[in-house]
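So the structure is just underneath, and the comments pick up after that.
Both counts, for ligands and for their atoms, begin at 1 and track the order of listing.
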Amino acid sequence: MSAAADRLAEVRQRIEAAARSTGRDPADVTLVAVSKTHGADRVREMLEAGQRVFGENRVQEAQEKFPDLKSAYLDLELHLIGPLQTNKARDAVKLFDVIQSVDRDRLAAALAKEMAHLGRRPSCYIQVNTGEEAQKAGVAPADVDAFVAACRDTHKLPVVGLMCIPPVDEEPALHFALLAKIAARNGLAKVSMGMSADYETAVRLGATHVRVGSALFGARPPLGTLPPETHA
Ligand SMILES: *Cc1c(COP(=O)(O)O)cnc(C)c1O
């Protein structure tokens with residue numbers, strides 16, 4: 001087995017064990033392999049090892065890597081997990097199968113317009129800022145119900161779930177439990193939570209999608225060597 005296949009097998013095994021430990025069906029948990037900063041060759045290794053669902057947090061980086069891979073693997077599913085600028089909505093709707101970072105009305109309106117224009121409807125998740133961190137994207141927990149309703153009823157977006165990124169210095173379980181609760185009361189079946197350090201906890205608390213990068217691909221280059229994040 002390749003190193004990529006080894007790491008993939010280990011992460012899948014851990015997901016399966018975490019699911020079974022709380023009586024969940026492991027088939028209800030989707031592993032999103034987060035390939036940001038890693039080249040198309042690394043993604044191809046994961047594809048060869050059997051992985052089909054990938055996450056990227058920048059539209060432009062995904063545009064550079066994924067069109068060829070998507071033509072080679074027709075069942076590849078690509079998720080946008082990073083902040084989306086309104087002026088990139090068209091590119092995002094064209095390329096991604098799932099957009100996990102819907103977090104404000106102007107973006108919801110732009111996505112709805114581009115979906116109508118392009119005749120393509122990627123599934124949408126609402127990003128929730130469970131830690132209410134000023135610098136972080138996402139809707140405040142208290143505003144989620146109204147925003148979900150607006151996305152569904154006003155913008156007619158295909159909203160299927162919620163996503164969160166807990167504060168780095170807090171117990172993630174509290175945030176995962178909160179996200180699962182808000183999803184349930186809004187009738188949303190999908191909950192995207194958990195990263196390399198805490199995906200087993202997330203699975204135990206109901207994650208349907210875990211977003212795992214470094215545990216699959218190894219460490220990324222240190223943050224300072226990457227271009228800065230751009231928010232809306
Ligand atoms: C990078 C990233 C991940 C994966 O992080 P790891 O700790 O490498 O698993 C998950 N979710 C989002 C939104 C990310 O930006």
Side-chain angles (χ1 to χ4, degrees), residues 3-4 6-15 18 29-39 42-43 45-46 51 53-62 65-66 77-85 88 92 95-104 107 122-131 133 135-139 160-173 175-176 179-180 183 190-203 205-232:
D6 280 344
R7 286 193 297 266
L8 181 60
E10 179 178 347
V11 171
R12 283 190 177 157
Q13 260 165 34
R14 286 172 180 264
I15 290 171
V29 184
T30 299
L31 171 61
V32 181
V34 178
S35 49
K36 66 185 184 202
T37 78
H38 300 292
R42 303 291 312 283
V43 178
E45 284 174 7
M46 280 294 163
Q51 177 64 21
V53 184
F54 293 87
E56 284 282 338
N57 68 343
R58 291 161 185 276
V59 174
Q60 195 186 327
E61 184 181 340
K65 289 193 302 214
F66 276 91
E77 186 179 294
L78 187 59
H79 292 230
L80 178 63
I81 60 170
L84 178 57
Q85 291 172 273
K88 298 259 177 71
L95 179 63
F96 290 92
D97 304 294
V98 179
I99 297 175
Q100 293 201 8
S101 48
V102 181
D103 67 349
R104 58 200 190 281
L107 176 60
S123 301
C124 293
Y125 289 60
I126 307 306
Q127 183 172 350
V128 182
N129 187 357
T130 56
E133 297 172 281
Q135 80 286 6
K136 199 169 270 176
V139 181
V160 299
L162 301 181
M163 182 269 252
C164 78
I165 310 168
V168 286
D169 52 352
E170 285 183 29
E171 170 55 51
H175 296 270
F176 296 158
L179 195 72
K190 309 286 186 193
V191 188
S192 170
M193 56 192 192
M195 318 202 312
S196 291
D198 50 25
Y199 64 91
E200 292 159 283
T201 305
V203 168
L205 289 165
T208 62
H209 290 69
V210 291
R211 310 177 308 267
V212 179
S214 43
L216 289 172
F217 290 98
R220 286 182 293 273
L223 267 181
T225 65
L226 294 172
E229 292 285 343
T230 41
H231 289 261

Heavy-atom contacts under 4.0 Å to ligand 1, chain-then-number order, include exactly V34, K36, N57, I81, I165, M195, S196, R211, V212, G213, S214, R220
Contacts of V53 meeting side chain to side chain contact (heavy atoms under 4.5 Å, CB included) (sequence neighbours excluded), chain-then-number -> T30, V32, Q51, E77, H79
Under the rule for side chain to side chain contact (heavy atoms under 4.5 Å, CB included), what residues qualify as partners of Q60, not counting sequence neighbours? Q63, E64
Polar side-chain atom of E61 near backbone of T37 as donor-acceptor pair, under 3.5 Å: yes
Inter-residue atom distance E56.CD - F96.CZ, 0.5 Å rounding: 6.5 Å
Under 4.5 Å between any side-chain heavy atoms of K190 and M163, yes or no? no
Taking only residues two or more places apart in sequence, or in another chain, which ones meet D97 in a side-chain hydrogen bond (donor to acceptor under 3.5 Å, both in side chains)? K70, R120
